[in-house]
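Structure, as structure tokens:
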Number of protein chains: 2
Amino acid sequence: MDSSDLWTLYRSFLAVVQHGSLSRGAKDLGISQPTLGRHIAALEDRLGSGALFTRSVRGLTPTEAALAIRPHVETMNAAAAAIRRTLSAPSDALEGTVRISASDIVGTHVLPAILADLRNRHPGLVIELSLSNDTEDLIGRAVDIAVRMVRPTQKALLARRIGAARLGVYAHKSYADRHGLPATRRDFAQHALIGFDRETPYMRMMAAAVKLDRSMFTLRTDSDLAALGALTAGFGLGFCQVPLARRLGNLVPVLAGEIGFDLPIWIAMHEDLKTVRRMRTVFDHLASGMKAYLGA
Amino acid sequence: MDSSDLWTLYRSFLAVVQHGSLSRGAKDLGISQPTLGRHIAALEDRLGSGALFTRSVRGLTPTEAALAIRPHVETMNAAAAAIRRTLSAPSDALEGTVRISASDIVGTHVLPAILADLRNRHPGLVIELSLSNDTEDLIGRAVDIAVRMVRPTQKALLARRIGAARLGVYAHKSYADRHGLPATRRDFAQHALIGFDRETPYMRMMAAAVKLDRSMFTLRTDSDLAALGALTAGFGLGFCQVPLARRLGNLVPVLAGEIGFDLPIWIAMHEDLKTVRRMRTVFDHLASGMKAYLGA
DNA sequence: TGCTATCCATGCGATATTGAATATCCACTA
DNA sequence: TAGTGGATATTCAATATCGCATGGATAGCA
């Protein structure tokens, strides 16, 4: 083993980068601190690109080179995790682990009921739910199936369009009672608006569609959940998916005819997984569950 | 090391799957056949999902489970390769390796000149060129930079739209001299048409745009290069990017006003790489080179 | 200043892993 | 039917790797 088996060393590298010290990394990996130290030394030696860490008494600080390769090692790690999931059960069985990603809102307010139903039908299934508004992880194998609000373009993905969730402006009843509701878009200036903080491509699109921008918001947050929380707490006017607003109750639509736009809903998974029965089952169940949500 | 360091074992697994036998895989990895055999046995044992291979005297045949995890291991492998590329030079230097993916046509007819120019300016650069019409590999780290014909949607990608290449129908002069050219779309039935073989989403889109379908083609191939070769050899009428047709010469446009559509051109790379100087440099150079190609 | 907690490095015996040699199996062929 | 080539398994001594114990160093704090 002289040429270059570095894979184990990469794994050790990741533990150190994530934990910041040899001892903590070693504990996480279940190996000893001296061994992990030797791994890092061996890796630096064999890569021949100088030090990956600067040793200090507080731990190991990654160098620029270490930061540069870190994302790649994370990709390896995600793929390794995917292997374990794949083998968590035979491919023709309706049990084992499936990892799903979805947005904050969908993951907390829409999926739980769908997943509970799924679990009742197939008790052997184990669901991992990863909530994030980033949509980068299907190819990198960080998750098996994704519920998305944008059309996936990658060829290797099996994607199905479920429909579209209309996004509208709402206010909680308690807010409406106290402050009334705007009759026209101009009245917005007199109201408390809940919106985004940082500019993201997605937000820019949304802002253009409804002709609102960051400066008009009274409460700015990048957490959709926080925004929804503020909305239901009666803080002010905010966006909400129409089916979700119906389900939550006590939310009254604002200028429903005038402001709003459609958010397409897609379910996607890697094509490789379509032969794995539980993946296919979860995929189909998510599709029908989301369709029911849209129709509600 | 009892819990689960399987990364090295995954690497061994991949070698066996790729080469079909322990002995060939071992030669590829630079380790001995008994060692590799023990790796596979250990992996099967620790994964606890039964055999990964059926041993025969002809070699090792992957089981269904092995086939299921293979893509994930390939992802790990691609990421490992990306690490080596990243470290092939310091991140602030204009040397080292950059891996680019592009379509067959662009890779063979457009990029070479652009890359040659690049190499003249920065002799320390090493370019790896991966040609394929699949566009799945940026997140999985199989390549660093991609030239694409579709808009990338993934958030973690840094993408720039260069413009659009118009796709038109052409015939080689020699064909036109012998058979004449169609005056209307209906005349196509009397001509030899070069087109695609299998139905792909991309082809379906293209077919819809120009109102042609598979049954009308006299020569069917899924290799764009073969189609272009047939076109320039005077086989019949076929599609070609307008700037490329101009550059090749001896190609005459057919119904230029009537048939054709625009192919957007994008350059994309992972956002992580934008701090690596040579990546940025190649990205920018590709952008300006492709823009020049479109303008030509 | 001295105590503690946390960190990395080193020496050393125990253990696990490796490679060379070899045995064995089987398909194929003259 | 015997020989050949290519394959996997086994044995065993050499060696690489590991964990434990320990040393040394620094920051925080009373």
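Throughout, a chain's letter reflects where its sequence line sits, starting with A, and its residues are numbered from 1.
The ring pair (Phe, Tyr, Trp, His ring centres under 6.0 Å) analysis of residues 18-46 of chain B, with sequence neighbours excluded, yields no pairs. Applying the ring pair (Phe, Tyr, Trp, His ring centres under 6.0 Å) test to residues at least two apart or on different chains, the pairs with a partner in residues 47-102 of chain A are Phe13(A)-Phe53(A). Applying the ring pair (Phe, Tyr, Trp, His ring centres under 6.0 Å) rule to pairs touching residues 75-105 of chain B yields nothing, sequence neighbours excluded. For residues 87-97 of chain A, no residue pair satisfies the salt bridge (charged side-chain N to carboxylate O under 4.0 Å, His left out) rule, not counting sequence neighbours. The salt bridge (charged side-chain N to carboxylate O under 4.0 Å, His left out) contacts involving residues 56-72 of chain A comprise Arg70(A)-Glu74(A), where partners must be two or more places apart or lie in separate chains. Within the structure, salt bridge (charged side-chain N to carboxylate O under 4.0 Å, His left out) pairs that include any residue of residues 32-43 of chain A do not occur (at least two apart or interchain).
Counting non-hydrogen atoms under 4.0 angstrom, Ser32(A) reaches a base of the nucleic acid.
Checking the phosphate oxygens (OP1, OP2) of dT18(C), a side-chain nitrogen or oxygen of His39(B) falls inside 4.0 Å. Within the structure, every side-chain polar atom (N or O) of Arg24(B) is placed at least 4.0 Å from both OP1 and OP2 of dG6(D). Distances shorter than 4.0 Å separate some side-chain N or O of Ser23(A) from OP1 or OP2 on dC7(C). Look at Thr35(A) and you'll find a side-chain N or O under 4.0 angstrom from OP1 or OP2 of dG19(D).
Between the CG atom of Leu6(A) and the P atom of dT17(D) there is a distance of 12 Å, rounded to whole Å. Between Lys27(A) atom NZ and dC7(C) atom C1' the separation is 12 Å, expressed in whole Å. Spacing between atom CG of Leu43(A) and atom P of dT17(D) amounts to 14 Å, rounded to whole angstrom units. With rounding to whole Å, Asp5(A) atom CG is found 19 Å from dA16(C) atom P. Atom CD1 in Ile40(A) sits about 10 Å away from atom P in dA9(C), given to the nearest Å. Distance, Leu36(B) CG to dT17(C) C1': 14 Å, rounded to whole Å.
For Glu128(B), the side chain to side chain donor-acceptor pair (under 3.5 Å) partners are Arg99(B), not counting sequence neighbours. For the salt bridge (Lys or Arg N to Asp or Glu O under 4.0 Å) test, residues two or more places apart in sequence or in another chain that qualify with Arg85(B) are Asp144(B). Under the rule for a side chain to side chain donor-acceptor pair (under 3.5 Å), the partners of Arg55(B) that lie at least two apart in sequence or sit in another chain are Glu44(B).
Helix-axis bend for the helix from dT1(C)-dA30(D) to dA30(C)-dT1(D): the local axis fitted to the five terminal pairs at one end deviates from that at the other end by 20°, rounded to 10°.
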Produce the list of close N/O pairs, under 3.5 Å, pairing protein atoms with atoms of nucleotides 9-11 of chain D; give distances to one decimal.
residue: dA9(D); atom: N7; partner: Gln33(B); partner atom: NE2; Å: 3.0
residue: dA9(D); atom: N6; partner: Gln33(B); partner atom: OE1; Å: 3.1

N/O to N/O distances under 3.5 Å, protein versus nucleotides 24-30 of chain D:
none

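Atom NZ of Lys274(B) is separated from atom CD of Glu271(B) by 4.5 Å, given to the nearest 0.5 angstrom. Here the straight-line distance linking atom CZ of Arg278(B) with atom OG of Ser91(B) works out to 8.0 Å at 0.5 Å rounding.
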